[in-house]
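Reminder, nothing fancy here: chain letters follow the sequence lines and each chain counts from 1.
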Amino acid sequence: MPCMLRVDILVKFKEGVDDPEGKSIKHALELLGFEKVKTVKVGKMYTIYLNCDKEEGYEIAESMVRKLLVNPVIHEYEIRVEEV
Amino acid sequence: MPCMLRVDILVKFKEGVDDPEGKSIKHALELLGFEKVKTVKVGKMYTIYLNCDKEEGYEIAESMVRKLLVNPVIHEYEIRVEEV
Amino acid sequence: MWGESMKAAILQMEGTNCEEETYIALMESGFTPEYVHLNNLRKGKAKLDDYELIFIPGGFSAGDYVRAGAIFAARLKATVWKDLVKFVEEGKFIIGVCNGFQVLIELGLLPATDGISEAPEAALMPNDSGHFECRWVYLKSQSSKIFTDVPEMITLPVAHAEGKFYASESVIEKIEAQKQVIFRYTSPYGSTEYPWNPNGSVNDIAAIMNPYGNVIGMMPHPERAYFPYQHPDWTRNKRDTGDGYYIFRALAEALR
Amino acid sequence: MKVTKIVEGVYRIHILNATDDELMEINEKMGLALSLDEMKKLRDFFASLGRDPTDIEIHAIAQGWSEHCSYKSSKPILRKYIFGIESPHTIVVMQDDAGVVEFDEDHAYVFKIESHNHPSAVEPYGGAATGVGGIIRDVLNMGAKPIALVDPLFFAPPDYPYEKLNPGIKHPRYLLNGVVAGIRDYGNRVGIPTVAGMTYFHEGFVNNILVNAGCIGIVRKDKIVRSRVDKPGVLLVMLGGRTGRDGIHGVNFASKILSEKSEEEKQAVQLGNPILKEPLIHAVLEANDEGIIYGMKDLGGGGLSSVIGEMCHAGGVGAEIHLDKVPLKEEGMAPWEIWVSESQERMLLAIEEKHLDILHEIAGKWDLEMSVIGKTTEGSVLKIFWYGEKILELPLDFMTAGVEYNRPYKIKKVKQMQEIPVEENYRNILLKLLSSVNIGSKEYIVRQYDHEVQGRTVIKPLQGEIGFETHGDAAIIKPLKDSWKGLAVTVAANPQIGEIDPYWGAVYTVDEAVRNLVAVGAKPHSFSDCLNFGNPEREEIMGEFVESCRGLGDAARYIHIPFVSGNVSFYNEAFNRNIPPTPVLMAVGIIEDIRKAVTADFKSAGNYIYIVGDTREEMGGSEYYRLMGYKSTTVPKVRFEDMKNRTEELLKAMGEGIVESCHDISHGGMAVAIAEMCMGGKIGAEIDLAKMEFMRADFKLFSESPTRWICEVKPENAERFEELVKARRIGQVSGETFRVRDGRRWLFNVHLNILRNAWSSALRDYVG
Ligand SMILES: Nc1ncnc2c1ncn2[C@@H]1O[C@H](COP(=O)(O)OP(=O)(O)O)[C@@H](O)[C@H]1O
Ligand SMILES: [Mg+2]
């Protein structure tokens, strides 16, 4: 039986691409008096549980990234796979 | 001079909160042929650079979490602080 | 090709929500529109081949949860990709408005500077303002193959959270060199600063087409401005038609 | 508490011999939110049956008896004041989930407004989103296509100090941003435009915000679906979302006082799923077009328990339900949880067996789950089965009859007094008013809502020259492609006046709703009310409720406008602080030809400016006095006859097409109204106060006397306008400044850019 896999995929804007959500959160934090904030970036973390083994897990994750989760023009990503 | 701090705050829904976004993405992945997906959870990762030292960093992060980024009724969160 | 044969498919999935006004505008401009649900395409109950025009309407397909248009695009790719490519290659017309534009970018059908691209060549990013905005904008038409009869400056509404056109410098250069831009944000007062450019699009780009001019994508909604009284300032400025009318008329003429 | 297990997940509760203490223990442990008297009534009922109840039976009854479902505190008063205003246009009034009113020969409009206060206070994003989701279902279940949303919102001032917040209470800024995002993300995704609302700030809402949401839809008269089944043997089908533990006891939660512990009430909070709702709307409307829906009701407060109970009871049939057929989100739910769950995005359809295939086809196309969970039966008894085992058998009239109270109340006497301020710099006051949060631009909020989707919004919430729009008074929707007829929609409320005098506050609210509709050229047609109050078990709060209802009723009855639907939200109290009485109106008007609609922006230089209606020295509750800290209990009083006459006169003039622009006078008085008209038209105005009644200049400028409008009229139409409308000509449209004199004395002269700057800055530092 294949064990369960947990895949964490973090998708962020590439360096050099504007992150407006980050900017507006920075603005909101400043309005709240957090003056020491220099920059804010917001990423999305997809935590996906898969019924498969580790090797296949990476492959599937890469394929999900390519087919759906990332637009390479603006995004970069990290994948972490862990057995659970 | 205070050094620069990088704070990563990961905000997710608590166990038991029904998350429509995760569900829609799971459904989409299934329709794309990713049959091994069991569950999808979507979280947000805030990466915040602060002009302050580590101790204060935790405190500020907790305060930002409380005032803006998190609703304890439905969210849980993790904070990681790192000097850069 | 007038009347019966000008069949237009309005693609639908959960979350597309501008289909009804699109239907009305297409019908008024001489098309025979039909709603075509993605599930019916998948099940073979409908065929793209039967249509002259594919219209991908606005909305929030699948909630736009991953990225605007991404799920819609991925599902089209997984089900009817070959038919779509054939459709384009036969020189039939595809237009995507708002969410539909996002879908075409994600599919690589736009900007398609070197032909259909495997991975997206551009992006419609989150607005600079960081949130959804519904407002009317001024648009300057660029001379383009199909939209020759559109007045030089028109107004249309935008309503989106992710409409900032973005691509690498080289892709932008190519788009400009190949004259693929159809509309740019502008204003009667000279400036194209926010809110005149409502989202921060590079080069004020609001609408583009592929190099052949048969795949068209635009963020502003012509279907919400087909009739004069849909404009916000009709109590001040009289018009005979809405400005969106010109776009639909141009499509109809291009197909005729 | 003594129990015996019947089957897995079902217990018999022994109450027949329970003492008072034991009854209250049961009440507490089961989370019923009933009083001792109600518990006794429950016990006596089962004593008469000669048996102990099951847990699901008790829960079923408790749902029916909750304040939210039974209106037990409000019914007698609503009956006395609100119900029964005659109108020839009403079709379904105060019976089903939304009111139905004639639009034209073949069509009706359907609308309702409802509160979602407690969930939004605890989780603003999800609370507001599900509020929108719920009100959409109320309109949908009448068979109508939802075509517009409204959202009156009430918060504490956004600069409220963090240190002063009670434990567990979230800051107004967090709440405002969360609520707006929740409404935006839900409304925009389902594709229904949010066209009107209000955003009001007052300290009284610090512990308990108000989030009201209204929806209006359109339906062909022959397609109206009722929330009842009057025939045995009809199948009961669930369509849409699955049932989960989320939302259990939402109705009890709504009838409770918020406390520190509310943070823990996670179960009462849901996020809502617009991407399930969107196809659900399509599917329901398609099924209705096929003519296969025999009856329908949405699953809202009280879940299946309320829906099946009320639907069958109203039609005079019984029902047999198999709870194991309900599709679940999670395993291991007890039958009573399934029965009362308030999970979102679910509809219950009554379908005849022969039509089941058609429904299957439609559901399949839209990727929706459906399940037949039971059928109606002869008689009036409800039976519930769980894998074949009978676990509930109750007569429907007892289960749904609810309870009613004549709660004691105390009406406070208002002693009239009014401070007379020293005369100030009018220019500064005007600019301060324009940049205050209740008056300043709401553009930041309005534009986050898609108010254009469906292409029907012919008069927008923001009006004027593109890029320079000002606040409008009402939006107009053109519901039908082939008819020029339009529906005007607006909301009104004034807790600041109501706080001083609940009766006149309520009357003022009716007047404001009328003013807003008339300002765009629409004839007031019907109301839906959302009555937000504190704890009705307090006599003075009950007094506020009685007085507010009396005010609403008196004013509406005078002009023959019926209340066709509504909602009462009590227990808006936390940390011993009750909200100010806040009756909110959603008002609908009809305009025969939308091409005659009028907007608020000034049109062109040279036109005359008129003030319609009388200005009085009644400054109680005004933004001017609040800003300056002056005291007054002399609140604006509506002259009913004036309200009726001015309305008729103005509508006549508008019908003749001789009014170029019109804006009602409300918060901030005449000065603010004219400033807004200037901003929207990008053109100035010159005003002479000497043309008005004799009184101090600041009263003329900032009084909020009711039943008043500013109108712009072309010189060539002036004579006709004056013939039709009782009005005073006070100035002219011209230039690039707003300038005011009192006879020969110049009071101020402000450039448009300065006005706009002040007005646009109001919310800037609090949002985003
Ligand atoms: N929360 C909101 N949602 C939608 N529209 C809103 C909201 N708040 C204000 N508006 C809109 O902004 C405009 C001005 O609101 P308001 O100042 O309350 O108007 P008025 O005083 O004339 O009733 C109106 O068009 C109103 O519908
Ligand atoms: Mg008004």
Side-chain angles (χ1 to χ4, degrees), chain C residues 12-22 24-25 27-28 35 37-40 43 45 58-65 129-138 155 157-161 187-189 195-196 198 221 223-237 242 244, chain D residues 145 180-181 184-185 188-194 273-282 364-368 443-444 446-460 462-467 469 476 478 481 484 486 594-595 597-599 601-604 660-661 680-681 768:
Chain C
Q12 262 183 325
M13 68 173 286
E14 64 268 20
T16 50
N17 59 32
C18 302
E19 55 261 63
E20 209 179 312
E21 52 273 40
T22 302
I24 292 173
M27 201 173 57
E28 292 283 316
Y35 299 123
H37 198 285
L38 202 55
N39 285 342
N40 285 347
K43 294 176 192 157
K45 290 186 184 170
F60 280 84
S61 52
D64 278 356
Y65 280 128
S129 66
H131 54 74
F132 185 98
E133 267 187 76
C134 174
R135 60 166 69 248
W136 284 70
V137 294
Y138 288 96
T155 57
V158 291
H160 58 250
S187 91
Y189 312 97
W196 307 114
H221 288 269
E223 79 283 7
R224 295 187 188 180
Y226 195 85
F227 304 105
Y229 49 77
Q230 289 172 313
H231 281 259
D233 55 348
W234 67 265
T235 58
R236 320 174 55 83
N237 302 320
Chain D
K145 179 182 171 64
V180 168
R184 172 194 71 202
D185 286 354
N188 294 358
R189 282 192 170 110
V190 291
I192 303 171
T194 302
N273 187 348
I275 292 313
L276 190 49
K277 180 63 76 33
E278 201 272 343
L280 182 61
I281 296 172
H282 280 291
K365 173 178 153 192
W366 293 102
D367 258 336
L368 294 167
E443 177 172 359
Y444 171 81
V446 176
R447 293 215 184 280
Q448 287 195 56
Y449 304 149
D450 192 339
H451 48 263
E452 304 271 355
V453 61
Q454 300 192 9
R456 294 186 163 92
T457 317
V458 294
I459 294 294
K460 330 275 182 192
L462 298 170
Q463 304 169 0
E465 194 68 28
I466 291 174
E469 295 90 341
I476 297 183
K478 180 176 173 297
K481 180 174 165 289
W484 291 110
I594 59 105
R595 291 169 296 186
V598 177
T599 52
D601 44 312
F602 278 143
K603 299 299 182 306
S604 40
E660 306 304 311
S661 68

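- For D:Asn188, the parts lying near chain C are the backbone and the side chain together; criterion is any non-hydrogen pair under 4.5 Å.
- Between D:Glu465 and C:Arg236, at least one side-chain nitrogen of the basic residue sits less than 4.0 Å from a carboxylate oxygen of the acidic one, meeting the salt-bridge criterion.
- Contact annotation for D:Val446: neither backbone nor side-chain heavy atoms come within less than 4.5 Å of a heavy atom of chain C.
- Taking the six-membered ring where the residue is Trp, C:His231 and C:Trp136 present tilted rings, their angle falling between 30° and 60°.
- Counting all heavy atoms, side chain and backbone alike, C:Val158 lies closest to C:His160 at CB-CE1, 3.7 Å.
- Contacts of C:His221 with chain D are absent, with no heavy-atom separation under 4.5 Å from either backbone or side chain.
- Of the two parts of C:Glu223, neither the backbone nor the side chain holds a non-hydrogen atom closer than 4.5 Å to a non-hydrogen atom of chain D.
- With hydrogens and angles ignored, the 3.5 Å screen pairs no side-chain donor or acceptor of D:Arg447 with any backbone N or O of C:Glu133.
- For C:Pro195, no part sits under 4.5 Å from any heavy atom of chain D, backbone or side chain.
- Counting only distance, with no hydrogens or angles, the side chain of C:Gln230 and the backbone of D:Gly455 share a donor-acceptor pair below 3.5 Å.
- Side-chain atoms of C:Asn39 come within 3.5 Å of backbone N or O of D:Lys365 as a donor-acceptor pair.
- Looking at D:Ile594, the atoms closer than 4.5 Å to chain C (heavy atoms on both sides) sit in the backbone and in the side chain alike.
- Annotation: maximal heavy-atom pairing with chain C below 4.5 Å, among D:Ile275, D:Leu276, D:Leu462, occurs at D:Ile275.
- For C:Phe227 and C:Trp234, the distance between ring centers is not under 6.0 angstrom.
- No other option in D:Asp367, D:Leu280, D:Ile281, D:Thr457 has as many heavy-atom pairs under 4.5 Å with chain C as D:Asp367.
- The backbone N or O of D:Val458 sits nowhere less than 3.5 Å from a side-chain atom of D:Lys460 that would complete a donor-acceptor pair.
- Of the residues considered (D:Gln463, D:Lys277, D:Lys145), D:Lys145 shows the highest number of contacts with chain C, using heavy-atom pairs under 4.5 Å.
- Using a 4.5 Å cut-off between heavy atoms, C:Glu20 contacts chain D through its side chain alone, with no backbone atom that close.
- Within the 4.5 angstrom heavy-atom criterion, only backbone atoms of C:Thr16 (N, CA, C, O) approach chain D.
- When the candidates D:Thr599, D:Val453, D:Val598 are compared by the number of heavy-atom contacts under 4.5 Å with chain C, D:Val453 comes out ahead.
- A donor-acceptor pair under 3.5 Å links the side-chain atoms of D:Glu469 to the main chain of D:Gly467, judged by distance alone.
- For D:Arg184, the part sitting under 4.5 Å from any heavy atom of chain C is the side chain, from C-beta outward, and nothing else.
- Of the two parts of D:Glu443, only the side chain, counted from C-beta on, holds a non-hydrogen atom closer than 4.5 Å to a non-hydrogen atom of chain C.
- Contact of C:Tyr226 with chain D is not made at all, since no heavy-atom distance falls under 4.5 Å.
- For chain C, the nearby parts of D:Ala597 are the backbone and the side chain; heavy atoms of each come within less than 4.5 Å.
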